[in-house]
Amino acid sequence: MRQIIAGNWKMNGTLAGVTAYAGALRAQASPATLIICPPFPLLPAFASAFAGSDIGLGAQDCHANASGAHTGDVAAGLIKEVGAAYVILGHSERRADHAESNAVVAGKVKAALAAGLAPIVCVGESETERDAGEAEDVVRTQLTHSLPEEFIGLVAYEPIWAIGTGRTPTPADITAMHAAIRAALVAQFPKTGATTPILYGGSAKPSNAGAILALPEVGGALVGGASLQAAEFLAIAASARVV
Ligand code: PGA
(Lines give C-alpha, C1' and ligand atoms only; values in the text may rest on other atoms or scores of the structure.)
Protein backbone atom coordinates (compact mmCIF):
# COMPACT_ATOMS: atom_id res chain seq x y z
CA MET A 1 0.00 0.00 0.00
CA ARG A 2 1.25 3.47 -0.83
CA GLN A 3 1.73 5.84 2.10
CA ILE A 4 -1.06 8.36 2.51
CA ILE A 5 -0.30 12.07 2.64
CA ALA A 6 -3.35 13.99 3.84
CA GLY A 7 -3.54 17.79 3.93
CA ASN A 8 -5.53 19.37 6.74
CA TRP A 9 -6.20 22.92 5.60
CA LYS A 10 -7.92 23.80 8.90
CA MET A 11 -9.62 27.23 8.62
CA ASN A 12 -7.56 28.34 5.63
CA GLY A 13 -7.97 28.61 1.89
CA THR A 14 -10.22 30.42 -0.56
CA LEU A 15 -12.54 29.38 -3.34
CA ALA A 16 -10.39 31.43 -5.71
CA GLY A 17 -7.37 29.29 -4.87
CA VAL A 18 -8.87 25.87 -5.52
CA THR A 19 -8.26 25.60 -9.26
CA ALA A 20 -4.56 26.41 -9.14
CA TYR A 21 -3.93 24.17 -6.12
CA ALA A 22 -5.82 21.20 -7.55
CA GLY A 23 -4.14 21.72 -10.92
CA ALA A 24 -0.72 21.59 -9.32
CA LEU A 25 -1.54 18.32 -7.54
CA ARG A 26 -2.95 16.77 -10.70
CA ALA A 27 0.07 17.84 -12.75
CA GLN A 28 2.59 15.85 -10.73
CA ALA A 29 2.60 12.07 -10.37
CA SER A 30 3.07 11.25 -6.69
CA PRO A 31 4.31 8.09 -5.00
CA ALA A 32 1.73 8.73 -2.25
CA THR A 33 -2.03 8.54 -2.04
CA LEU A 34 -3.00 12.20 -1.67
CA ILE A 35 -5.99 13.46 0.30
CA ILE A 36 -6.99 17.11 0.77
CA CYS A 37 -9.27 18.15 3.63
CA PRO A 38 -10.36 21.75 3.04
CA PRO A 39 -13.07 23.76 4.85
CA PHE A 40 -16.62 22.56 4.09
CA PRO A 41 -17.54 25.28 1.54
CA LEU A 42 -14.61 24.27 -0.69
CA LEU A 43 -15.56 20.58 -0.92
CA PRO A 44 -17.76 20.85 -4.05
CA ALA A 45 -15.17 22.92 -5.92
CA PHE A 46 -12.41 20.46 -4.99
CA ALA A 47 -14.61 17.51 -5.95
CA SER A 48 -14.98 19.01 -9.44
CA ALA A 49 -11.31 19.92 -9.66
CA PHE A 50 -10.20 16.40 -8.64
CA ALA A 51 -12.76 14.57 -10.81
CA GLY A 52 -11.16 11.76 -12.80
CA SER A 53 -8.01 11.81 -10.66
CA ASP A 54 -7.12 9.48 -7.77
CA ILE A 55 -6.71 12.37 -5.29
CA GLY A 56 -8.94 11.91 -2.26
CA LEU A 57 -11.11 14.55 -0.65
CA GLY A 58 -12.10 14.85 2.99
CA ALA A 59 -13.85 17.11 5.48
CA GLN A 60 -12.53 18.13 8.89
CA ASP A 61 -15.54 17.22 11.05
CA CYS A 62 -19.09 15.93 10.90
CA HIS A 63 -22.02 15.67 13.31
CA ALA A 64 -22.95 12.45 15.08
CA ASN A 65 -26.56 12.67 13.89
CA ALA A 66 -27.67 12.07 10.31
CA SER A 67 -29.74 15.28 10.19
CA GLY A 68 -31.72 17.58 12.44
CA ALA A 69 -31.73 20.73 14.54
CA HIS A 70 -27.97 21.30 14.93
CA THR A 71 -27.28 24.82 13.75
CA GLY A 72 -23.87 25.20 12.19
CA ASP A 73 -23.09 21.50 12.08
CA VAL A 74 -22.70 19.35 8.97
CA ALA A 75 -24.01 15.84 8.37
CA ALA A 76 -21.72 13.07 7.16
CA GLY A 77 -24.21 12.16 4.44
CA LEU A 78 -24.00 15.63 2.94
CA ILE A 79 -20.20 15.52 3.02
CA LYS A 80 -20.40 12.26 1.09
CA GLU A 81 -22.98 13.67 -1.32
CA VAL A 82 -20.76 16.59 -2.35
CA GLY A 83 -17.93 14.25 -3.24
CA ALA A 84 -15.75 13.63 -0.18
CA ALA A 85 -14.67 10.14 0.88
CA TYR A 86 -12.87 10.95 4.15
CA VAL A 87 -13.46 12.97 7.30
CA ILE A 88 -10.95 13.99 9.96
CA LEU A 89 -12.47 13.38 13.40
CA GLY A 90 -11.27 14.11 16.91
CA HIS A 91 -8.53 16.54 15.89
CA SER A 92 -6.99 18.04 19.03
CA GLU A 93 -8.14 21.51 17.95
CA ARG A 94 -11.73 20.28 17.92
CA ARG A 95 -11.26 18.36 21.15
CA ALA A 96 -9.99 21.63 22.70
CA ASP A 97 -12.09 24.31 20.95
CA HIS A 98 -15.36 22.38 21.03
CA ALA A 99 -14.83 20.23 24.12
CA GLU A 100 -15.12 17.04 22.08
CA SER A 101 -14.76 14.04 24.38
CA ASN A 102 -13.77 10.57 23.22
CA ALA A 103 -17.45 9.61 23.40
CA VAL A 104 -18.42 12.51 21.14
CA VAL A 105 -15.71 11.51 18.68
CA ALA A 106 -16.92 7.90 18.71
CA GLY A 107 -20.43 9.09 17.84
CA LYS A 108 -19.07 11.04 14.90
CA VAL A 109 -17.04 8.04 13.73
CA LYS A 110 -20.23 5.95 13.71
CA ALA A 111 -22.04 8.61 11.69
CA ALA A 112 -19.19 8.85 9.21
CA LEU A 113 -19.11 5.08 8.71
CA ALA A 114 -22.89 4.94 8.33
CA ALA A 115 -22.63 7.54 5.56
CA GLY A 116 -19.85 5.67 3.79
CA LEU A 117 -17.00 8.00 4.73
CA ALA A 118 -13.59 6.78 5.91
CA PRO A 119 -12.80 8.46 9.23
CA ILE A 120 -9.29 9.73 9.97
CA VAL A 121 -9.34 9.68 13.77
CA CYS A 122 -6.76 11.82 15.56
CA VAL A 123 -5.12 10.96 18.87
CA GLY A 124 -2.17 12.47 20.68
CA GLU A 125 -0.84 13.59 24.02
CA SER A 126 -0.14 17.05 25.44
CA GLU A 127 3.36 18.10 26.41
CA THR A 128 2.50 17.76 30.09
CA GLU A 129 1.30 14.22 29.53
CA ARG A 130 4.49 13.31 27.63
CA ASP A 131 6.70 14.85 30.30
CA ALA A 132 4.83 12.81 32.90
CA GLY A 133 5.53 9.62 30.96
CA GLU A 134 1.83 9.15 30.22
CA ALA A 135 1.84 9.61 26.44
CA GLU A 136 1.18 5.99 25.47
CA ASP A 137 -1.49 5.53 28.13
CA VAL A 138 -3.27 8.70 27.02
CA VAL A 139 -3.25 7.62 23.39
CA ARG A 140 -4.39 4.08 24.24
CA THR A 141 -7.31 5.52 26.21
CA GLN A 142 -8.24 7.77 23.29
CA LEU A 143 -8.19 4.79 20.93
CA THR A 144 -10.30 2.65 23.24
CA HIS A 145 -12.98 5.29 23.68
CA SER A 146 -12.90 7.18 20.35
CA LEU A 147 -13.11 4.13 18.08
CA PRO A 148 -16.44 2.27 18.05
CA GLU A 149 -16.46 -1.45 17.44
CA GLU A 150 -17.43 -1.02 13.78
CA PHE A 151 -14.41 1.24 13.14
CA ILE A 152 -12.66 0.88 9.81
CA GLY A 153 -10.54 3.80 8.71
CA LEU A 154 -7.32 5.60 9.51
CA VAL A 155 -5.68 6.76 12.71
CA ALA A 156 -3.48 9.86 12.95
CA TYR A 157 -0.99 10.20 15.79
CA GLU A 158 -0.65 13.92 16.39
CA PRO A 159 1.22 14.94 19.56
CA ILE A 160 -0.49 18.20 20.50
CA TRP A 161 2.80 19.93 21.32
CA ALA A 162 4.11 19.23 17.81
CA ILE A 163 1.16 20.77 15.95
CA GLY A 164 2.07 24.06 14.33
CA THR A 165 5.14 24.47 16.53
CA GLY A 166 7.95 23.31 14.27
CA ARG A 167 8.83 20.69 16.89
CA THR A 168 8.57 16.97 16.24
CA PRO A 169 9.12 13.92 18.42
CA THR A 170 12.38 12.03 17.96
CA PRO A 171 12.33 9.15 15.46
CA ALA A 172 12.56 6.79 18.46
CA ASP A 173 9.50 8.39 20.07
CA ILE A 174 7.47 8.22 16.85
CA THR A 175 8.50 4.59 16.37
CA ALA A 176 7.57 3.68 19.95
CA MET A 177 4.20 5.41 19.76
CA HIS A 178 3.27 3.95 16.38
CA ALA A 179 4.18 0.49 17.68
CA ALA A 180 1.99 1.08 20.73
CA ILE A 181 -0.89 2.24 18.53
CA ARG A 182 -0.50 -0.79 16.26
CA ALA A 183 -0.59 -3.14 19.23
CA ALA A 184 -3.68 -1.42 20.61
CA LEU A 185 -5.44 -1.55 17.23
CA VAL A 186 -4.66 -5.25 16.79
CA ALA A 187 -6.04 -5.97 20.26
CA GLN A 188 -9.15 -3.85 19.71
CA PHE A 189 -9.84 -4.87 16.10
CA PRO A 190 -8.56 -8.40 15.46
CA LYS A 191 -9.73 -8.35 11.81
CA THR A 192 -8.53 -4.91 10.68
CA GLY A 193 -6.12 -3.63 13.32
CA ALA A 194 -3.01 -4.95 11.61
CA THR A 195 -3.68 -3.03 8.40
CA THR A 196 -5.23 0.23 9.65
CA PRO A 197 -2.98 3.03 8.34
CA ILE A 198 -1.39 5.05 11.16
CA LEU A 199 -0.43 8.54 9.96
CA TYR A 200 1.98 10.83 11.79
CA GLY A 201 0.97 14.50 12.17
CA GLY A 202 2.60 17.55 13.75
CA SER A 203 5.01 19.92 11.97
CA ALA A 204 5.56 17.52 9.08
CA LYS A 205 7.39 19.39 6.30
CA PRO A 206 9.61 18.65 3.30
CA SER A 207 12.80 18.71 5.38
CA ASN A 208 11.67 16.05 7.89
CA ALA A 209 9.23 14.01 5.78
CA GLY A 210 11.82 11.56 4.50
CA ALA A 211 12.99 10.65 7.99
CA ILE A 212 9.45 10.36 9.40
CA LEU A 213 8.00 8.40 6.49
CA ALA A 214 10.88 5.90 6.68
CA LEU A 215 9.93 4.83 10.21
CA PRO A 216 8.19 1.50 10.87
CA GLU A 217 4.38 1.57 11.20
CA VAL A 218 4.18 5.07 9.73
CA GLY A 219 1.50 4.77 7.06
CA GLY A 220 1.74 8.37 5.95
CA ALA A 221 1.37 11.90 7.27
CA LEU A 222 -1.36 14.33 8.22
CA VAL A 223 -0.02 17.73 7.23
CA GLY A 224 -1.36 21.07 8.40
CA GLY A 225 0.58 24.23 7.60
CA ALA A 226 2.79 22.64 4.97
CA SER A 227 -0.25 21.43 3.00
CA LEU A 228 -1.39 24.96 2.13
CA GLN A 229 1.17 25.41 -0.65
CA ALA A 230 0.90 22.70 -3.33
CA ALA A 231 4.66 22.64 -3.89
CA GLU A 232 5.40 22.02 -0.23
CA PHE A 233 2.70 19.36 0.04
CA LEU A 234 4.02 17.60 -3.06
CA ALA A 235 7.57 17.79 -1.70
CA ILE A 236 6.41 15.91 1.40
CA ALA A 237 4.55 13.37 -0.71
CA ALA A 238 7.69 12.82 -2.80
CA SER A 239 9.25 11.09 0.23
CA ALA A 240 6.44 8.53 0.46
CA ARG A 241 7.11 4.83 -0.04
CA VAL A 242 5.17 1.61 -0.38
CA VAL A 243 4.56 0.01 3.01
P1 PGA B 1 0.84 21.09 11.36
O2 PGA B 1 -0.64 20.54 11.72
O3 PGA B 1 1.36 20.24 10.25
O4 PGA B 1 0.62 22.53 10.95
O5 PGA B 1 1.66 20.96 12.61
C6 PGA B 1 -0.93 19.16 11.66
C7 PGA B 1 -2.36 18.94 12.06
O8 PGA B 1 -2.84 19.59 12.99
O9 PGA B 1 -3.06 18.11 11.44
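Keep in mind that this is a model prediction, so the values were computed, not measured. Numbering of ligands and ligand atoms starts at 1, following listing order.
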Task: N65 and H70: CA distance, side-chain angles, deciding distance, side chain to side chain contact (heavy atoms under 4.5 Å, CB included) verdict - done: CA-CA 9 Å; N65 290 2; H70 303 288; 3.1 Å; yes
TODO: Please determine which of F46, F40, F233 meets the ring-ring contact (aromatic ring centres under 6.0 Å, His included) test together with W9.
DONE: F46
Task: Protein residues that have a heavy atom under 4.0 Å from any atom of ligand 1, sorted by chain and number - done: N8, K10, H91, E158, A162, I163, G164, G202, S203, L222, V223, G224, G225
Open item on the list: Taking the basic N atoms (NZ, or NE/NH1/NH2) and the acidic carboxylate oxygens, is any pair closer than 4.0 Å for D54 and R2?
Closed with: yes
Task: ILVMFWY cluster membership beyond L154 - transitive side-chain contacts under 4.5 angstrom - done: M1, I4, I35, Y86, I88, I120, L199, L222
Name every donor-acceptor pair, under 3.5 Å, that has one atom in a side chain of residues 188-196 and the other anywhere in the protein, sequence neighbours excluded.
from	atom 1	to	atom 2	distance (Å)
Q188	NE2	L143	O	3.2
Q188	NE2	L147	O	3.4
T195	OG1	T192	O	3.2
T196	OG1	T192	O	3.0

TODO: Output all residues satisfying salt bridge (charged side-chain N to carboxylate O under 4.0 Å, His left out) with E93, sequence neighbours left out; order by chain, then residue number.
DONE: K10
